[in-house]
Amino acid sequence: MGKVEYIIKRLLLALLVLVGVSIITFVIARLIPSDPAALYVGPRAKPETREAARIKLGLDRPLYQQYLRYVGEVLRGDFGISVRSRRPIVDDLKVFLPATLELVLLSMIFTLVIGIPLGVLSAAFKDTWVDHSSRIFAVINVSMPVFWLALLLQLLFVRQLGLLPVGGRVSKEIAILAPIERITGFYLVDTALRGNWSAFRDVLQHLILPSVALASYAIGLSIRMTRATMVEVLQQKYITAAWAAGLTRRTVYFKLALKNAIVPTLMVLSLSFVWQVSGAMLVEIVFLWPGLGTYLVNAILTIDFPIVVSVALIVTVFYVFSNLFVDVLQAMIDPRVSLE
Amino acid sequence: MTVKREKTPGQAQSAWSARFLEYGLMWRALRRDRLAVISLAIILIFVLGAVFAPWLAPYPDQALGKSNLAEKLDPPSAAHPLGTDDVGRDLLSRILYGSRPSLSIGIFVVGLAMLIGTPLGAIAGYSGGWIDQAIMRITDIFLSFPALLLAIAVSAALGASFFNAMLSITLTWWPWYTRLARAQAVSLKEQTFVEASRAIGVPGFTIIRRHIIPNVLTPALVQATMDIGSAILMGSALSFVGLGVQLPKADWGNMLNVARLYFNDGPWFAIFPGLAILLIAMCFNLLGDGVRDVLDPQSRRTG
């Protein structure tokens, strides 16, 4: 199967998946709750209001019409309104999504610079204390409830050592003295673009703990996966030849061997992206990070159901596209890739 | 016809009894893996603790919700070995009772996912064609949701309760077993003993039941051992965001959700429930690694 053919097939599959995802979120949003109109108007509404809402939401129409209408709305970027604040959900998403993505991207960088080198070292020093300790470190990381790790980091670095801020995205002082001008919504980028370095430092300090907490699971995962592939690669003949040719350890491990472990590494990154976006939901609450997670959890507590479904949908769409991106990239790099 | 009828039940029996023989051998090999044995022992201690919680807990009434405001946020002491929570309840008792929902989620979610996913995968892999396509595309769709988000959305839709949390996590879990079973079934289908059964006219459904499923069972069980820890983690995450066990009933996740607000005055309140989650998840992961190594010696060298 040719590359182009593969990529086209993969795109079609992604489209199919998106249709399926929209059906499932439609079912969750409209069919599972016994009365979506009651959810829409809130618990204290009068029966007349609820009846009006039922018609406004189109709940009196046949199911397939309701579904088509739902898809149309979502495609136009209309996610409905919050039951509590009556604000359009899409306006909130525009504010909270960049905050979460900034956190996730930084924690992916942590995953790359900690997880992959440790995995390589573990394979290079297989069955020595280096290997054992990095494997134990990996097991602890994949078994760690991420919200608890977030609490522990807070206890250590904030309460005990007083090194970093307890939570939020930016300090009050900075918000007043050197306010951040909103350009991309990514505060690190926005402050750098404006040369607002005091704010940049402040934003970075706020980012460190949550993104380290968020990275933990992915770090554990990438140590294990990198180690597994590296051990396999290191047994191959071209590596023996490289040793015989007298190449340095660094060249052999990080240049020759790691290059062939690149596909699994990409897998790790795509897996970790997904995991970190969902993990962010748990970490954000602990650090009072104003992102999708805090938004989602507050919506759960106030039973603001449309928000819950919208956040699930938007994160899933991100997930589908990141998987698509990785698969296509993989197909370009690795000639062996094909659909099953 | 008569020959066929006599033969297939006999074969089926041997396929299943071969499993038991295999598990006996596996256990012998597993016993040499020190980490796995220690993990299993700790898991058994947790299970015993969960089963006998009413007898072991020093203050069972507090574990069930009775508050004790005179002893709010007391540090660990002889009366309360792990300290007390925000309304003075004994933490040891609550952690003991909290192991019940956590372990049940781990076992029920994985068991149910296996029960749904494995037969579906066996059917898909053995039948091929449009049945295969339909089943596998549905699993693709479910797997394209980030599991935690799907579980959160579904349990929010069903209403916050322990039972609904369990159902919604299962909903995100079964497709993995379908994929696993399908891959096995596809290769089993080509093997001689299956081809032979087909040749003598055994119906497809019977082949799936007697030959495919028993042979898919072992990899599925290994996967299950490795998954229980993750299922417990997800269960505690759901209860941490307020969707699992509801207060005042004790659960490790909902304890942590309250504890984060009292971090200054009572760090032990946050430390012990989290430690319990970490320990149980880690033991299941290590046991899972051990079981996998025994079953697949190839992975011992690489993984």
Side-chain angles (χ1 to χ4, degrees), chain A residues 13-14 16-21 23-25 27-29 31-33 126 139-140 142-152 154-155 159 224 227-232 235 274-275 277-279 281-282 285-286 293 296-297 299-301 303 305 308-309 311-313 315-316 318-320 323, chain B residues 35 136-138 140-160 168 171 183 186 229-230 232-234 236-237 240-243 252-253 256-257 259-260 263-264 267 270-271 273-286 289 299 301-303:
Chain A
L13 190 65
L16 185 80
V17 162
L18 284 177
V19 171
V21 164
I23 292 176
I24 292 176
T25 47
V27 169
I28 297 173
L31 297 185
I32 298 181
K126 193 158 107 54
V139 160
I140 293 177
V142 296
S143 315
M144 182 72 81
V146 60
F147 43 93
W148 186 59
L149 178 64
L151 282 168
L152 289 186
Q154 248 183 9
L155 183 68
R159 317 268 187 212
R224 297 180 115 189
R227 181 185 182 279
T229 27
M230 280 295 283
V231 166
E232 217 167 279
Q235 286 165 348
V274 176
W275 198 88
V277 173
S278 4
M281 309 292 134
L282 304 171
I285 332 166
V286 177
L296 175 75
V297 173
I300 292 171
L301 293 179
I303 324 185
F305 193 61
V308 177
V309 183
V311 172
L313 181 64
V315 173
T316 305
F318 256 94
Y319 181 22
V320 171
N323 275 344
Chain B
L35 269 181
M136 294 325 287
R137 292 299 83 82
I138 291 173
D140 281 346
I141 290 164
F142 273 93
L143 288 176
S144 62
F145 280 92
L148 181 67
L149 263 293
L150 182 60
I152 285 179
V154 174
S155 48
L158 292 170
S168 49
L171 193 71
V186 165
S230 320
I232 291 177
L233 280 177
M234 198 187 278
S236 68
F240 180 69
V241 299
L243 284 172
W252 298 338
L256 280 173
N257 187 23
R260 78 194 158 95
F263 220 48
N264 273 334
I271 286 174
L275 206 57
I277 303 175
L278 172 65
L279 194 62
I280 194 81
M282 198 159 85
C283 286
F284 273 111
N285 279 337
L286 289 170
D289 283 355
S299 70
R301 279 194 292 111
T302 53

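Chain letters run A, B, ... following the sequence lines, proteins first and then strands; every chain starts at 1.
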Handout entry: Contacting region of B:Leu143 [heavy-atom separation from chain A under 4.5 Å]
Key = backbone

Exercise for the section: Please round to the nearest 0.5 Å and tell me the distance separating atom CG of B:Asp289 and atom CZ of A:Arg224. Expected result: 4.5 Å

Problem - Toward chain B, the part of A:Ile140 with a non-hydrogen atom under 4.5 Å - result: both

Exercise for the section: Could you check which of A:Val309, A:Val277, A:Leu151 has the highest count of heavy-atom pairs closer than 4.5 Å to chain B? Expected result: A:Leu151

Handout entry: Contact origin within A:Val21 toward chain B - heavy atom pairs under 4.5 Å
Key = both

Practice task
Under 4.5 Å heavy-atom distance to chain B, tell me which part of A:Met144 shows up: side chain, backbone, both or neither.
Solution key: both

Problem - Max heavy-atom pair count under 4.5 Å with chain A, selected residue of B:Pro146, B:Gly253, B:Ala153 - result: B:Pro146

Fill in the blank from the handout: Comparing B:Leu148, B:Leu150, B:Asn257, B:Ile271 against chain A, the one with the most heavy-atom pairs below 4.5 Å turns out to be B:Ile271

Practice task
Report yes if the side chains of B:Phe142 and A:Ile24 come closer than 4.5 Å at any heavy-atom pair, otherwise no.
Solution key: yes

Handout entry: Which atom of A:Val17 lies closest to which atom of B:Ser144, heavy atoms considered
Key = CG1-OG, 3.1 Å

Handout entry: Closest non-hydrogen atom pair, B:Leu278 against A:Ser143
Key = CD1-O, 3.5 Å

Practice task
Answer with side chain, backbone, both or neither: which region of B:Leu275 has an atom nearer than 4.5 Å to a non-hydrogen atom of chain A?
Solution key: both

Problem - CZ on B:Phe145 to OG1 on A:Thr25, rounded to 0.5 Å - result: 5.5 Å

Handout entry: Most contacts with chain B, counted as non-hydrogen pairs under 4.5 angstrom, among A:Val19, A:Val320, A:Ile285, A:Val297
Key = A:Ile285

Problem - Sidechain-backbone polar pair: A:Trp148 side chain, B:Ala270 backbone, donor-acceptor under 3.5 Å - result: yes

Handout entry: Toward chain B, the part of A:Ile300 with a non-hydrogen atom under 4.5 Å
Key = side chain

Handout entry: Non-hydrogen atoms of B:Ala156 and A:Val308 that approach each other most closely
Key = CB-CG1, 4.0 Å

Completion exercise
One option among A:Phe147, A:Phe318, A:Trp275 has the most heavy-atom pairs under 4.5 Å with chain B, and it is A:Phe147

Exercise for the section: Let me know if B:Pro267 has heavy atoms under 4.5 Å from chain A in its side chain, its backbone, both or neither. Expected result: side chain

Fill in the blank from the handout: Comparing B:Gly229, B:Ala259, B:Ala237, B:Cys283 against chain A, the one with the most heavy-atom pairs below 4.5 Å turns out to be B:Ala237

Exercise for the section: Would you please test B:Val241 and A:Met281 for side chain to side chain contact (heavy atoms under 4.5 Å, CB included) and show each step? Expected result: CA-CA 9 Å; B:Val241 299; A:Met281 309 292 134; over 6 Å; no

Problem - CG on A:Leu282 to CG on B:Leu256, rounded to 0.5 Å - result: 11.0 Å

